[in-house]
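See structure below.
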Amino acid sequence: MTLRVLVTGGAGFLGSHLCDALLAEGHCVVCVDNLLTGRIENVTHLKNEPRFEFRQQDVCLSFDSGKVDYVFHFASPASPVDYLEHAIETLQVGSLGTMNCLELAKKYAAKFFLASTSECYGDPLEHPQKESYWGHVNPIGPRSVYDEAKRFAEAVTMAYRRYHKIDTHIVRIFNTYGPRLQLNDGRVISNFMKQALLGEDLTVYGDGSQTRSFCYVSDEVAGILALAKSNEHEPTNIGNPSEFTILECAKVVLEVTGSRSKIRFEPLPQDDPKQRRPDISKAKRLLGWEPKIDLRTGLQMSLDYFRSAVANKVPGT
Ligand code: UDP
């Protein structure tokens with residue numbers, strides 16, 4: 001069945017890949033983005049697609065997409081550099097923006113899907129992180145603008161489900177990478193790829209022993225779509241459970257790019273989580289989903305994009 005789907009944050013890195021996947025499934029997509037951190041270049045390849053419509057719109061202000069069957073709420077700055085620069089906007093889009101999108105879902109009896117995050121777990125004391133873990137978040141630290149906005153977004157989504165009977169889903173997304181990752185968003189993969197390709201030092205924060213688990217974007221989107229079609233309504237981790245220290249990650253980037261860049265150690269940002277790895281047993285069991293692409297392969301698949309972006313051939317990066 002062809003659905004009319006609203007994707008907020010649809011010009012962002014992950015949102016734009018989601019738009020592509022929904023269009024490939026035959027749906028019509030209304031893509032809304034205020035372009036604060038999203039880039040119009042991420043969706044320009046869709047400009048002649050009759051089933052695709054782009055609207056520059058801030059979802060924190062009241063808006064109406066017209067009748068939709070499904071709302072995917074992906075709007076938010078998502079990299080630490082971006083949400084620290086846009087702290088208030090991040091809190092607004094997680095709170096007001098999420099409520100506006102839930103109101104739209106209510107008005108049109110549409111399903112609602114929230115892009116949440118592993119940041120809900122904070123600097124986790126439980127490892128790997130299961131969905132049942134409530135997290136260890138500093139509510140007033142610099143990262144709280146993102147962590148608490150997303151925790152509020154989860155709370156309000158569950159409240160609309162309980163009180164307004166909206167059909168809702170919540171994904172907790174772990175570190176995701178691939179083509180369209182913005183070169184200057186400060187994320188570890190974009191920084192390391194850029195630095196390696198330019199022959200600059202790779203900046204490892206702290207001693208590089210902190211861990212992350214990186215999911216290639218097509219795996220992430222496949223998990224998101226499986227969850228969107230499922231009967232699971234509580235938060236579900238979608239990410240790749242292979243865990244790397246940041247130092248190991250730097251070495252993989254050097255190997256894949258063939259770069260001779262050196263590693264330079266810089267101070268660790270405040271409240272930087274020491275470890276992150278999703279427990280994906282729930283997604284495997286309920287959705288039959290698991291990631292297929294390992295970090296080395298995914299970085300190889302992203303190499304052409306990063307090469308073009310570094311050569312300034314990708315506008316807006
Ligand atoms: N990081 C790093 N060098 C960089 C950028 C990030 O060592 O140039 C580290 C950062 O301190 C964190 C990890 O890499 O421990 C992942 O950072 P990112 O900003 O990609 O996302 P996070 O998982 O912290 O939200």
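Just follow the structure's listing: the first ligand is 1, and inside any ligand the first atom is 1. Position 1 is the first residue of the sequence; numbering continues from there.
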Lys/Arg-Asp/Glu bridge criterion (N-O < 4.0 Å) met for E290, K292
no
Please name the pair of heavy atoms, one in V93 and one in P77, separated by the smallest distance, quoted to 0.1 Å.
CG1-CD, 4.2 Å
Which residue supplies the protein heavy atom nearest to atom 3 (N) of ligand 1, what is that atom called, and how far is it?
T203 O, 2.6 Å
Please check if F214 and I238 belong to a single hydrophobic cluster, counting links between Ile, Leu, Val, Met, Phe, Trp and Tyr side chain heavy atoms closer than 4.5 Å.
yes
Would you please determine whether S79 falls within less than 4.0 Å of ligand 1 on a heavy-atom basis?
no
Residue, atom and distance of the protein heavy atom nearest atom 21 (O) of ligand 1 read N175 ND2, 3.6 Å
Can you confirm whether more than 12 heavy atoms, excluding those of K67, are under 6.0 Å from its NZ atom?
yes
Between N237 and Y121, does the side-chain hydrogen bond (donor to acceptor under 3.5 Å, both in side chains) criterion hold? Intermediate values first, please.
CA-CA 11 Å; N237 292 335; Y121 302 122; 2.8 Å; yes
So that I can tick it off, tell me whether R296 and E255 are bridged by a salt bridge, with the cut-off set at under 4.0 angstrom between side-chain N and carboxylate O.
yes
Check whether more than 12 heavy atoms from other residues, nucleotides or ligands sit under 6.0 Å from atom NE2 of H45, and answer yes or no.
yes
With heavy atoms and a 4.0 Å threshold, my read on which part of V188 contacts ligand 1 is both
Any heavy atom of D272 under 4.0 Å from ligand 1? The part involved is side chain
Nearest to atom 13 (C) of ligand 1, what protein heavy atom do you find, and at what distance?
I246 CD1, 3.6 Å
With a heavy-atom distance limit of 4.0 Å, tell me whether R187 approaches ligand 1 through its side chain, its backbone, both, or neither.
both
Using heavy atoms and a threshold below 4.0 Å, how should the contact between E266 and ligand 1 be classified: side chain, backbone, both, or neither?
neither
Distance to 0.1 Å, residue and atom name: give those for the protein heavy atom nearest to atom 1 (N) of ligand 1.
Y205 CD1, 3.4 Å
E243/R212 salt bridge by N-O under 4.0 Å criterion:
no
Would you say ligand 1 has an N or O under 3.5 Å from any N or O of R212?
yes
Under 4.0 Å from one or more heavy atoms of V204, ligand 1 contributes atoms 7 (O)
For ligand 1 and Y83, I'd like to know whether there is a polar contact (N/O to N/O, distance under 3.5 Å).
no
Proximal ligand 1 atoms for G186, defined as those under 4.0 Å from one of its heavy atoms
5 (C), 19 (O)
Which one holds for R143 and ligand 1: side chain close, backbone close, both close, or neither close, with close meaning a heavy atom under 4.0 Å?
side chain
Under 4.0 Å from any heavy atom of E119, which atoms of ligand 1 are there?
25 (O)
Do D20 and R180 meet the salt-bridge criterion of a basic N to acidic O distance under 4.0 Å?
yes
Going by an N to O cut-off under 4.0 Å, is there a salt bridge joining E200 and R264?
no
I'd like to check which ligand 1 atoms, numbered from 1 as shown, lie under 4.0 Å from a non-hydrogen atom of N191.
4 (C), 5 (C), 8 (O)
Sub-4.0 Å atoms of ligand 1 with respect to non-hydrogen atoms of Q210:
9 (C), 11 (O), 15 (O)
Between K47 and E53, does at least one N-O distance fall below 4.0 Å, as a salt bridge requires?
no
